[in-house]
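Read the structure below first, then the notes.
Bear in mind that the values here come from a model prediction, so they are computed numbers and not experimental data.
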Protein chains: 2
Amino acid sequence: MDNNSVILVCALQLFSQKGYNAVGVQEIVDAAGITKPTLYHYFGSKRGLLDSLLAEYMTGFFRVIEPAAEYDGDITNTLNKITFAYFNYAQKHKQFYRLALSSWFAPPDSEVFNAILPYMQRQQKLMEGIFLNAAKQHGNMKNRHEVYAYAFLGMINTYIGIALNGVTKIDDNTVYRVVHHYMHGIFS
Amino acid sequence: MDNNSVILVCALQLFSQKGYNAVGVQEIVDAAGITKPTLYHYFGSKRGLLDSLLAEYMTGFFRVIEPAAEYDGDITNTLNKITFAYFNYAQKHKQFYRLALSSWFAPPDSEVFNAILPYMQRQQKLMEGIFLNAAKQHGNMKNRHEVYAYAFLGMINTYIGIALNGVTKIDDNTVYRVVHHYMHGIFS
DNA sequence: TTTAAAATATACCATACGGTATAGTCATTG
DNA sequence: CAATGACTATACCGTATGGTATATTTTAAA
C-alpha cells in the first residue's frame with residue numbers, strides 16, 4: 001500500500017476513535033510510519049487530509065445510496081432499499097460511519113461539522129426527493145417532505161448507532177423492522 | 001453574577017459553538033473577563049470545568065425528566081409526558097442541549113463522550129424502566145425494552161435536532177405528532 | 001545516461017496549549 | 001486591629017501544536 005493510502009487509513013482510525021481535534025499530525029505520521037513532510041506533500045494541511053478522507057469514502061457511499069434511493073412507486077419498498085444500503089455501508093465501513101455521525105452532530109463552528117455539511121445536505125435532498133415523489137400518491141405527505149426526510153435519516157442513524165454500540169445487530173430482519181416502525185409504529 | 005457562574009456561561013457558549021477541544025482556556029477567561037488562576041481556582045482543570053458544567057445542567061435536567069418518566073399505566077400518555085419534558089428543557093437550554101447531543105455522538109475515546117456517558121446511561125435506564133413496565137400490558141414488547149428505549153431516545157433527539165437547526169419548531173402539536181409517529185407510524 | 005520531477009527525511013519555526021509559582025487584594029472574623 | 005482564608009492578577013513553565021525550509025533520495029522519462 002502506498003503512503004497516501006496508509007495515511008488515510010491511520011487518520012481514519014485515529015479521528016474516529018479520538019476525534020479530529022484531539023489527534024495531532026505527529027501522531028498520525030507516527031502511526032503511518034512516515035514523517036510530516038510526506039503527509040504535507042500529499043494533503044497540504046491537516047484539514048486537507050480530513051477533506052480527502054471524507055471525499056474518498058463519501059464517493060463510495062453515494063455510489064451505493066443514490067441508486068437505492070430511486071423511487072420505484074412503492075414508498076415502503078423504496079425505504080427498505082435505502083435502509084438496506086445504509087446499514088450495509090455502515091457495517092462495511094464502521095470507522096468511517098462513526099466519524100461521519102460524530103461530525104454531523106459536532107458543534108456548528110467546528111471544522112468537522114463544516115467538512116461534512118455538504119455531504120449531509122446531499123443526503124437530505126436525496127431523501128426529500130423520495131417523499132416528494134411519494135406525496136403524489138399519499139396526499140397527507142404534502143409539504144412535510146423536509147421533516148419526513150430528516151426524521152427518516154435520524155431513525156436510520158439511530159439504529160446504526162445502536163448497532164455500532166453493540167446493543168443490537170444489523171441483519172435483514174432489522175431493516176424490515178426499522179422501516180416497518182417508521183411506517184406503522186411500534187406495535188403492529 | 002459571580003465569576004464562577006460567568007465562567008460556566010462563557011464556557012458553555014464556546015464549547016457548544018466550537019467544541020471542547022477547539023476552545024482554549026485562554027479564550028474562555030478572555031470571554032469571561034478574568035484570568036486563568038481564577039478559572040483554575042474554581043474548577044481545577046479544563047476537564048473539571050467541563051464536568052462541573054455538565055453536572056450543573058444535568059441536575060436540572062433530571063429533576064424535570066425523572067418525574068415525567070414515571071409510568072402511569074398508559075404508555076402513550078407517559079411517552080407524551082416525557083417528550084414534552086425533553087422538548088421543554090432543550091428549548092430552554094439550547095446551548096446545553098447542543099453540547100449534550102454533540103458529546104453523545106462524539107468519538108468513544110474523546111473527553112466529552114466520557115464526560116457525558118454516565119448521564120446518557122441514566123437516561124437509557126430511565127426509558128428502559130418505562131418499557132419494562134409497559135411490557136406487562138403489551139406482551140409483544142417483552143425483551144425489546146433495551147432497543148425500544150434507545151430508539152425512542154433517538155427519535156426524541158432527532159426531532160430536537162430538527163428544531164435546533166431551525167427546520168421546524170417545537171410546540172405542543174409537535175410533541176403529539178412525534179409520539180404518535182413513534183407509536184403508530186408515519187401515516188395514521 | 002543524463003535530467004527533471006516526485007517523494008521523503010532532518011531539523012527547525014512561531015505559536016498556542018494546559019497549567020502554575022508567586023504575590024498580592026479584599027472582605028470576614030476573632 | 002490582627003489575622004485568616006477566599007479570591008484574583010502578573011508572569012512564567014514545559015510541551016505539543018500545525019506547518020516548513022532545505023536537502024536528499026527515488027523514480028521515470030528523454
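Closest contact between the side chain of B/Lys46 and the listed nucleotides D/dA9, C/dG18, D/dT17 involves C/dG18. With distances taken from any side-chain atom of B/Tyr42 to the nucleotides D/dG18, D/dA9, D/dT8, the minimum falls on D/dT8. Checked against C/dG18, D/dT20, C/dA21, the side chain of A/Tyr40 finds its nearest nucleotide in D/dT20. Of the listed nucleotides (D/dA9, D/dA6, C/dT20), D/dA9 has the atom at the smallest distance from the side chain of B/Thr35. Proximity note for B/Lys36 (side chain, C-beta onward) versus D/dT17, D/dA6, C/dG18: the nearest is C/dG18. For B/His41, whose side chain is taken as the heavy atoms from C-beta onward, the closest listed nucleotide among C/dA7, D/dC7, D/dT20 is D/dC7.
Nearest heavy-atom pair across A/Gln17 and B/Pro107 is O-CB, 3.3 Å.
Ring centers of B/Tyr97 and B/His93: at least 6.0 Å apart, outside the cut-off.
Contact annotation: B/Ser45 side-chain N/O to C/dG18 OP1/OP2 distance is not under 4.0 Å. Phosphate proximity of D/dC7 to B/Asn3: absent, as no side-chain N or O sits under 4.0 Å from OP1 or OP2.
The residues A/Glu128 and A/Arg144 are annotated as not salt-bridged, no charged nitrogen and carboxylate oxygen being separated by less than 4.0 angstrom.
Judged by distance alone, the side chain of A/Lys46 and the main-chain N or O of A/Val23 form a donor-acceptor pair under 3.5 Å.
When heavy atoms are screened at a 4.0 angstrom cut-off, B/Val29 is found touching no nucleic acid atom at all.
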